[in-house]
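So the structure is just underneath, and the comments pick up after that.
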Amino acid sequence: MDLNVKKDRNNVRRKPSIDVSSMVYGKIPPQSKDMEEAVLGAIMLEKGAFDTVIEILKPECFYVEAHQKIFQSMQRLAAKSMPVDILTVVEELKSSGELEMIGGPFYVTRLTNTVVSSANIEAHARIILQKFIQRELIRISGEILSEAYEDTADVFDLLDGAESKLFEITNNHLRKNYDSIDRVLVNTMKRIEDLRNKGDDITGCPSGFPSLDKVTYGWQPTDLIIIAARPSVGKTAFALNLARNAALHPRFPKGAAVFSLEMSSGQIVQRILSAESEIKLEKISRGKLEEYEMKKLMTHGIERLAKAPIFIDDTPALNIFELRAKCRRLVHNHGVGVIIIDYLQLMSGGGEGRNTNREQEISKISRDLKGLAKELHVPVIALSQLSRDVEKRKDGNKMPQLSDLRESGAIEQDADMVMFLYRPEYYEITANEMGESNKGETHVRIAKHRNGQLDTIKLRAVLEFQRFEDDGSLENPGFSGPSGGGSGGGSPFAGMGGNRGGGEEAKLYIQKGSKMNDMNFEDDGLEDAPF
């Protein structure tokens with residue numbers, strides 16, 4: 001007898017993930033049947049009560065299945081612009097064949113017997129929502145517990161899945177309510193006063209190019225900025241210049257997060273080092289450096305970049321749920337002020353809607369990126385490919401247009417700003433109208449600007465150093481001239497001490513892909529760069 005008991009106990013230990021209900025044995029899920037009856041009854045008694053409840057509850061929020069079906073019938077009536085009362089609800093349930101399933105006309109009528117008025121219907125609805133969220137947390141916790149016992153899944157996939165499920169509850173059931181204009185006016189006037197007293201033209205995250213900042217006033221919080229170009233024009237180099245310029249700006253330094261779906265973190269750092277030290281990328285990549293170049297790399301590259309608040313993540317095939325989770329941590333833990341994604345078409349939608357086509361998936365990703373910018377109150381800069389339609393034009397005009405954005409028109413719709421990079425020499429145009437060489441000339445065309453003007457800014461690309469230069473930066477009072485030891489022109493960050501305003505020394509962080517043995521768990525899963 002004792003042996004059998006011991007054997008049974010061993011069996012229980014071997015399969016702890018099969019029966020999660022043992023954790024809550026003897027307990028019933030959180031619910032409030034009386035509140036559900038009161039809300040449904042009030043809706044049928046008071047005109048307009050349904051409009052209050054529909055902003056808070058969905059059918060699945062009701063615990064009793066009959067109440068779910070009754071609320072669904074109310075939704076159908078409202079969709080047909082019909083009144084919601086006892087008679088119409090009964091008739092709707094009858095036509096859908098669900099009347100007898102929920103208890104007949106008597107049950108519907110009984111719901112109104114205990115209701116005096118709908119005065120407290122909003123409070124009652126929120127209690128029902130609270131109980132539903134508690135049930136969802138119990139369900140999700142059970143799923144996480146069961147999956148955590150499995151050895152076949154990657155631990156980071158489990159973390160991402162858990163976070164996405166929890167976010168889904170927040171996103172679907174805890175939406176922000178409207179604001180009255182008087183409250184918004186107070187906040188708006190406060191911001192206007194702050195900007196007025198600040199006395200600077202840059203109101204957002206600086207790009208580091210004064211001619212561009214003159215049009216944009218810096219990258220604005222909550223904005224989604226799309227930077228698009230044909231392959232090999234210099235999108236990645238330009239984006240890394242933006243990250244470096246933001247992190248090392250002398251007056252308005254901002255932490256920058258770079259999500260590279262195309263290149264490894266090592267390749268990204270090599271490009272940033274080339275731009276900072278003005279040593280050719282080819283030499284850095286191959287390690288073919290002279291002694292003086294090595295010294296220059298150490299003093300004008302590594303020393304300054306080691307203090308830059310730049311965070312690099314090279315996780316391949318990143319989905320929107322993983323991106324959102326990582327960005328939240330970077331913004332909250334490290335004060336990141338701009339998020340850069342290279343590039344949008346390499347992202348995945350997180351596995352939802354497997355029957356959807358690629359255009360629909362890209363549309364969802366662009367919407368989610370805009371939502372991420374609003375949620376975290378930081379600008380999100382996403383690089384994008386252009387279609388081949390640019391190459392097919394016969395009129396000789398290869399300047400990209402909004403219709404050239406690849407795979408989805410939703411990108412154009414969701415973006416607050418769309419910028420195109422165009423280099424004439426890419427199309428073998430080696431001289432301008434005056435016959436002068438236009439080597440490196442890059443046109444940054446702002447084709448859409450929701451909150452500002454459209455313009456075209458000219459920069460000079462020095463792609464052997466992976467950098468872009470703005471000659472106007474030499475005259476900008478915020479900059480102090482070319483970087484020491486450089487071979488010329490226009491680094492806007494010379495002479496700065498590299499501190500972040502408060503004396504705190506920042507670091508360059510690199511986060512590798514989602515594999516357990518590749519990561520160091522110090523500093524929130526981010527590892528210090530080897531230099």
Side-chain angles (χ1 to χ4, degrees), residues 160 163-164 167-168 170-172 175-176 204-205 207 216 218-229 235-236 238-240 242-243 246 254-262 311-332 336-353 356-386 402 404-421 446-451 511:
D160 292 333
E163 190 155 10
S164 66
F167 176 79
E168 189 176 346
T170 303
N171 192 46
N172 292 339
R175 294 184 177 273
K176 183 178 180 292
C205 176
S207 71
T216 64
W219 312 121
Q220 300 300 313
T222 75
D223 275 5
L224 172 62
I225 299 106
I226 300 295
I227 299 175
K235 294 189 302 297
T236 300
F238 183 67
L240 294 180
L242 297 179
K254 300 281 187 181
V258 178
F259 291 88
S260 176
L261 286 78
E262 189 175 32
F311 305 85
I312 302 171
D313 188 303
D314 63 357
T315 305
L318 190 68
N319 65 50
I320 192 65
F321 295 127
E322 294 172 322
L323 176 72
R324 187 185 290 117
K326 292 178 178 184
C327 287
R328 281 202 198 103
R329 290 194 289 268
L330 286 168
V331 171
H332 294 158
V336 161
V338 61
I339 296 166
I340 298 173
I341 301 161
D342 182 18
Y343 58 92
L344 190 149
Q345 279 82 8
L346 289 179
M347 290 190 65
S348 65
E352 292 186 354
T356 60
N357 58 36
R358 182 58 179 165
E359 182 177 349
Q360 292 172 324
E361 188 175 18
I362 290 293
S363 300
K364 182 183 184 305
I365 291 171
S366 68
R367 287 195 303 271
D368 288 344
L369 288 179
K370 174 58 182 175
L372 179 66
K374 289 186 66 177
E375 177 192 346
L376 299 181
H377 202 68
V378 298
V380 173
I381 300 174
L383 307 191
S384 175
Q385 290 281 22
L386 292 176
L402 288 172
D404 297 325
L405 285 169
R406 185 176 167 186
E407 289 186 307
S408 177
I411 300 174
E412 171 189 348
Q413 175 182 326
D414 296 327
D416 296 280
M417 185 183 301
V418 178
M419 304 169 60
F420 296 115
L421 300 185
I446 302 176
K448 178 184 178 182
H449 193 182
R450 185 167 285 162
N451 301 308
Q511 179 167 324

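In this chain, numbering begins with 1 at the start of the sequence shown.
- The shortest distance between side-chain heavy atoms of F259 and L330 falls below 4.5 Å.
- In this structure, CD in Q220 is found 8.5 Å from CD1 in I225, a value given to the nearest 0.5 Å.
- Contact record, L386 with A228: CD2-CB, 3.7 Å, taken as the closest heavy-atom pair.
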Test side chain to side chain contact (heavy atoms under 4.5 Å, CB included) on T315 and K326; report intermediate values, then the result. CA-CA 11 Å; T315 305; K326 292 178 178 184; 2.9 Å; yes
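- The two residues C327 and I339 come nearest to each other via the heavy atoms SG-CD1, 3.5 Å.
- The main-chain N or O of D223 is never found under 3.5 Å from a side-chain atom of K374 such that the two would form a donor-acceptor pair.
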From CA spacing to verdict: side chain to side chain contact (heavy atoms under 4.5 Å, CB included), K235, D342: CA-CA 9 Å; K235 294 189 302 297; D342 182 18; 5.6 Å; no
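- For the residue pair C205 and G337, the shortest heavy atom distance occurs at CB-O, 4.2 Å.
- The closest side-chain heavy-atom distance from L242 to V338 is not below 4.5 Å.
- The shortest distance between side-chain heavy atoms of I381 and I227 falls below 4.5 Å.
- Taking CG from D313 and CG from L323, the interatomic distance works out to 8.5 Å, rounded to the nearest 0.5 Å.
- Counting only heavy atoms from C-beta outward, the side chains of L402 and F420 approach each other to under 4.5 Å.
- For the pair H449 and T216, the tightest heavy-atom approach, listed with the atom from each and the gap, is CE1-CA, 4.1 Å.
- A donor-acceptor distance shorter than 3.5 angstrom exists from the side chain of K448 to the backbone of A415, with no hydrogens or angles considered.
- One distance of note links CZ of R328 with CG of L372; it measures 8.0 Å at 0.5 Å rounding.
- Separating the CD1 atom in I365 from the CD1 atom in I411 is a distance of 9.0 Å, to the nearest 0.5 Å.
- Side-chain contact between V336 and V378 is absent, with no heavy-atom pair separated by less than 4.5 Å.
- Within the 4.5 Å cutoff, the side chain of D414 has no heavy atoms near those of the L369 side chain.
- Looking only at distances, no side-chain donor or acceptor of E375 sits under 3.5 Å from a matching main-chain atom of A373.
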